[in-house]
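Below: one structure, written as structure tokens.
Here is how names work: the chains are called A, B, and so on, in the same order as the sequence lines, proteins then strands, and each is numbered from 1. This one's a predicted model, so the numbers in the text were calculated from it and none came from an experiment.
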Amino acid sequence: EDSLKDQPETPDNVLTAKARSTLLKHETEIPEDEAEPEQVVPNLLDLARYFADADVGLGEQEMFRIFLALKQLAEQQPLKSVTFWGKIFGTEQDYIIAEAEYREGEEPQPEEEERPDEQPETPDEGEEDEENGVTPLPKSTYKPPPDLPTEEYGAGTNKKVYFVCNEPGQEWHLLPNVKPKHISVCRQIRKRFTGRLDAPVVAYPPFAGTEMELLRAQIARITAGTHVSPVGYFTFDEEEDDGDDEARDNFIVDEEFEGKSLAELLEADLSGWVHHAPYILPQGRSKWVNPNLKGEEDELDEEDEDEDEEEEEEIEPEAGPPLLTPLQNDDDVDGLPAWSTRLSSTAHPAYACVRVSSNRWPGAHAFAVDRKFANIYIGDGLKYQAEPFSPQLPPPAQVEYSGEDVAEAVDPTRQEEEEFEAQMAEEE
Amino acid sequence: EDSLKDQPETPDNVLTAKARSTLLKHETEIPEDEAEPEQVVPNLLDLARYFADADVGLGEQEMFRIFLALKQLAEQQPLKSVTFWGKIFGTEQDYIIAEAEYREGEEPQPEEEERPDEQPETPDEGEEDEENGVTPLPKSTYKPPPDLPTEEYGAGTNKKVYFVCNEPGQEWHLLPNVKPKHISVCRQIRKRFTGRLDAPVVAYPPFAGTEMELLRAQIARITAGTHVSPVGYFTFDEEEDDGDDEARDNFIVDEEFEGKSLAELLEADLSGWVHHAPYILPQGRSKWVNPNLKGEEDELDEEDEDEDEEEEEEIEPEAGPPLLTPLQNDDDVDGLPAWSTRLSSTAHPAYACVRVSSNRWPGAHAFAVDRKFANIYIGDGLKYQAEPFSPQLPPPAQVEYSGEDVAEAVDPTRQEEEEFEAQMAEEE
Amino acid sequence: MDVQSLSPALDHLSSSGIVLSTERRVSLDTSLTLLMHAEKLKQVKYWGRIQGVAADYHIAQGSNDDGYATKSFYSMDCIRWAQLPEIHPVLAKSCAKIRGRFTGNPSHEFTVEAIRSEETKGDGSIVVTTTITEEKRLAAAVAAIDKETRIVPRGAYRMTPSDVVERNHGFGGLSHQAAGKIESYMHFRQPITLLSKSPLERARMDQGLDFMDSISDDIPKNCWSIQYQNGSKAVVLRSLIWPGFVFFHTPNSPLFGHAYVGTGQRNNDLIFELP
Amino acid sequence: MDVQSLSPALDHLSSSGIVLSTERRVSLDTSLTLLMHAEKLKQVKYWGRIQGVAADYHIAQGSNDDGYATKSFYSMDCIRWAQLPEIHPVLAKSCAKIRGRFTGNPSHEFTVEAIRSEETKGDGSIVVTTTITEEKRLAAAVAAIDKETRIVPRGAYRMTPSDVVERNHGFGGLSHQAAGKIESYMHFRQPITLLSKSPLERARMDQGLDFMDSISDDIPKNCWSIQYQNGSKAVVLRSLIWPGFVFFHTPNSPLFGHAYVGTGQRNNDLIFELP
């Protein structure tokens, strides 16, 4: 059977055109020119042209449509900044993803952490069985490990918010904050996107969510792995820094940044580039949290956490490379360097820009020239893997209850039974 | 008959491709990055994109080919700077025109002013007629007015040198310096270009030169009329300026120029823009020179020129608007403003650039945004004219020699002759 | 240029100075699709731009494959389109008299004096001034430009026995030589000069293909400039009567198109200008 | 993509991430024309790019309209082209065993262990290591990608009675519905799955058009992603077996084309990835 339902002939492209026409606006009044108004949406067409010079991008027309869609998003939501994160290809539809930050004071309140997947031990269930005189079945005492708390908006993996739509002009959907367990499961499975946010994700180990959560988790992983910028563009905020180096997770744009020369950016060892997205620890968070801490105390302050440690057996806190680490100590991908650099123009290198492409996440690129740089991701949303993928095997079957009072004996054969009956007969 | 000779089928596009392939180069070494090497060729593709945003230009691919051709030109000739002046359409082929300046010390020596069109009065011609006993025909004593001296390279209309070719990749031809008489004749005729530099120019008043000189003259007129820049980009060179305001004809780029805001550039009265090309006086030069000065003394220094004036009858020196005059006092074209301004993008004016188009020379445009600006001309090379063109009438026929000894008498009719003969017969 | 194939056309026309910014293309792509649907047209083409002093008029033309008839629309921002009114021949004649540039304001009034000779006792002529809005002048200009410059390669259209002008789907494009000759292009309009052709000439013509006027009969001669462009991948014809009109055709392929970007004024001094 | 019609193809492929910089296009435009002339080919197409770590390989493919045969060329800078060697099937099989990325250096050596079972007294298997240069691996990759992904819309080619595969000039493009169905696209190669079709199925096929395998028979099912793109002006098919291969076709017009931009590695884990 065909995989695409019959589209009515005419109205289809008209529907898309209608959706797009909402984007088109004709403003003739020029922005008053006192203070340069802080631009919410970057000049995407300009960035797209730098990327196009390096053979990366989606074509000027699509980029312009995305630019208009970003403007529309900036008008609908109280956002401080909106950028184009990238495009992820799906089998039925593609995803256009925008990365945004809320304005001060407009941040969404962290909704209460309800825990759907912990079975509440309600006492009443037990009594019913006793009444009808049947000894209750043994209840499973398995309690899944408590979920790690999700990082609030503005910190670690949820530093920014992500909106997604299938075609520029369609309605934007806000993706939920990413949960650590989503990231850890997402690292073990390998699923292609279909393009429908509500599509189920059938995989082992089971992914607790639909394609929407999978997409958000993959975005978090790609951002952490591939968002790079020329060294010196971002610097740590000196004043705020109270000497506590772990807390160095916010950085600011360095005004005096003069821009790196092409030669520095093209260094084979990539010393000219740094990561500016926090590394995601194996437990699925950027900032480590002690898993077997009681779930109740929500504020995780560093100090008292250490004292509790003695009671539980020692869990060595995971640590990843700190923020703004240069690229050269990214470990290799299948024996080859993690990043490859290209000069965008060979006819006249003086006017060229430098493109850096990730070999770990094919489709992730960044360009830099003078004081400009940008990141983009255009691909299937899958990590490069050297060995063929082999899914995790289910855990070994549980060992049967082998308590003392359940001795196993071999069934007597037919012939033994007859001797036994004969013996019983003689005793009478 | 058809106007295009049969081109052999295959090799034609191959010939063009061969010509173009000489342009393609593959440089991988990156320019060393100490001092930013002074770029001979501007980033034409970047300028072309600003122009394309304002619906002006030749398309990115052609602009890039022109950029490569300019690079090739910069390698062949000792040039300080080469820019793309524009494209003039011809009936058979088009002209691609590059504007260039020679490096210090490499200027072409002003070749001797030979005066081909003054008939040298060689005495010998007269004798031959007397030998064969025929009184010599009266020699015409008409001496055409002496040509005005051409402005040297680097000043006035010849401030820059112009190279031309039909297709990027073909060989560049250097256009000669423009002569004042070419400009004055060029202002009275209206000729379309054919695209062949050696094509004769058939017009009245007669144009002393081929299409090459006509093209150079038209370029000079268009440059003088339409090369504009944001006010403040160029300033007069304070040190050199010894208070003598006529001599203010060289200006330099103002480093602290911060760039005009869009609103200023869009002012209806165009106060944000200035001409930076010298005005061409009616006599065809930018700097006025006294026509009836003896041709011998070549250095025209201002002082002694005034003393001579008493002898000749008073000629009022022509004067045009000084350099760097704002655009608002350009007189109207057919009742409409001389310039029309456009904002390049209406979807997001904050990222737009301003385009200024000349209504006097349709096809001349300039764009400006922040610290960038550029001029371009793409058109037929003809001025806008409100009234239908009526060529200059030839001068009235010269009055016949009506000296005393040439009295005219009416021919006697047949009947008068008979009476006269009868009268003669009676006297004998 | 057909709105679907906007981009191949633009590549060949851009070397003659006709370019569209990305923003215009995106707006056109959307608004022309909606226009085509709203007006029930089979095909909508971007016709070009008439440059006014204060603003430009973007023109689009829709057709239903029924011969020469077309519907024209104009827009200032490529988003909202308005239909251009039909122009009565008499009005067209007086529009042709208007010199001067388009101002860019559709409701601008032009006044035109027309001397109508009245059979009255007086000296017999009364000056009649008619005022024409710029919108009407725009419609007249678009119609006049079409009449004198809309051309198609020979063989692209054919006349069916039932006298219906139809697109010839088997048209594979002119050969390389034929594309360089003026005779192989024909005015896409009711034939005018064809009727005055001598029977000898008409005998040599193929009824099915040569049912339109060839541009080689246009007066004044050489009013079309024809060139191989872009490494002879395309042939470009430019009208010198209406400067700004450019037609392109890629030999050996069915692709051809035209666009007009200019001031919308006819060039009446061509005779002086021709070399 | 055909070098003449490089730009319309790029417009439809760019939304799938396949773009070419202006500089590349200008170099390609010139160098492919010279290549076509030098190699006496009727048609040269830009096939795509195989991304190496240090440098990319640009691939062009020339054909003489004689059926499926093509000649492939590769270049590092789109200016100088070198022909890719023909690959023997055995070598192709061992090339398929090479994991890892292309390094970008044509003379890089890959070593492949092949166990050849010898009928000798011993345990009977000798490990034979063959070294393959990256250039040969490139040729094998291009051939493999073509074999599994080069598709054309049904009806674009026809089989003449003399068993010659020819371009069908009357091809006006698939209808809007048909373009959205996987069955209307066919592998442009010697038929493989066609032979194993039951006579009942073959009875329903049109001999002149259905002489190639339809991609709906490809294993694993759903290994092609099909979408309407760009406001359903074009249908885009993407191969999930060779990620990076994109094919486009604009319904109701004869235009179609394909390009490959990827790492040149086959995706063998599709079964796990499919939803």
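Heavy-atom distances place the side chain of Gln265(D), and not its backbone, under 4.5 Å from chain A. For chain D, the nearby part of Ala386(A) is the backbone; its heavy atoms alone come within less than 4.5 Å. Both the backbone and the side chain of Leu240(D) have a heavy atom closer than 4.5 Å to some heavy atom of chain A. Both the backbone and the side chain of Asp56(D) come within contact range of chain A, each with at least one heavy atom under 4.5 Å from a heavy atom of that chain. Within the 4.5 angstrom heavy-atom criterion, atoms from both the backbone and the side chain of Arg101(D) approach chain A. If you measure heavy-atom distances from Ser357(A) to chain D, you find no contacts under 4.5 Å at all. Within the 4.5 angstrom heavy-atom criterion, no atom of Val201(A) approaches chain D. With a 4.5 Å cut-off on non-hydrogen atoms, Phe51(A) does not touch chain D at all.
Heavy atoms only, all atoms of each residue included: Asn267(D) and Arg192(A) are closest at ND2-NH2, 3.2 Å. The heavy-atom pair separating Ser225(D) from Gly90(A) by the smallest distance is OG-O, 4.0 Å. Here the shortest heavy-atom pairing between Phe89(A) and Gly17(D) reads CZ-N, 4.1 Å. Pairing each heavy atom of Arg342(A) with each of Gly52(D), the nearest pair is NH2-O, 2.8 Å.
If you check the side chains of Glu23(D) and Ser345(A), you find a donor sitting under 3.5 Å from an acceptor.
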TODO: Assess whether side-chain contact (heavy atoms from CB on, under 4.5 Å) is satisfied between Val53(D) and Ser340(A), documenting all intermediate values.
DONE: CA-CA 6 Å; Val53(D) 174; Ser340(A) 38; 4.3 Å; yes
Next item on the list: Verify salt bridge (Lys or Arg N to Asp or Glu O under 4.0 Å) between Glu273(D) and Lys191(A), making sure each step is shown before the conclusion.
Entry: CA-CA 4 Å; Glu273(D) 294 165 2; Lys191(A) 273 290 162 195; over 6 Å; no
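In terms of heavy-atom pairs under 4.5 angstrom with chain A, the leader among Ser21(D), Gly104(D), Gly244(D) is Ser21(D). When each of Ser216(D), Gly262(D), Ala55(D) is scored by its heavy-atom pairs under 4.5 Å with chain A, the top score falls to Ala55(D). Counting heavy-atom pairs closer than 4.5 Å to chain D, the top residue among Arg65(A), Gln93(A), Met63(A) is Gln93(A). Put simply, of Leu382(A), Leu336(A), Ile378(A), the one with the most heavy-atom pairs under 4.5 Å next to chain D is Leu336(A). The residue among Gln51(D), Arg238(D), Arg49(D) with the most heavy atom pairs within less than 4.5 Å of chain A is Arg238(D). The candidate with the highest count of non-hydrogen atom pairs below 4.5 Å against chain D, out of Glu211(A), Lys87(A), Glu167(A), Glu387(A), is Lys87(A).
Looking only at side-chain heavy atoms (C-beta outward), Gln229(D) and Asp94(A) come within less than 4.5 Å of each other. Contact check for Asp380(A) versus Pro243(D): side-chain heavy atoms found under the 4.5 Å cut-off. Using a 4.5 Å heavy-atom cutoff, the side chains of Pro388(A) and Asn268(D) are not in contact. Here the side chains of Asp269(D) and Gln385(A) are in contact, with some heavy-atom distance below 4.5 Å. You'll find the side chain of Asn222(D) stays beyond 4.5 Å of the side chain of Thr91(A), heavy atoms only.
The main-chain N or O of Leu20(D) is never found under 3.5 Å from a side-chain atom of Asp55(A) such that the two would form a donor-acceptor pair. A distance-only check finds no donor-acceptor pair linking the side chain of Gln61(A) to the backbone of Ser15(D) [under 3.5 Å].
Residues forming a salt bridge (charged side-chain N to carboxylate O under 4.0 Å, His left out) with Lys372(A) (at least two apart in sequence, or on another chain): Asp46(A).
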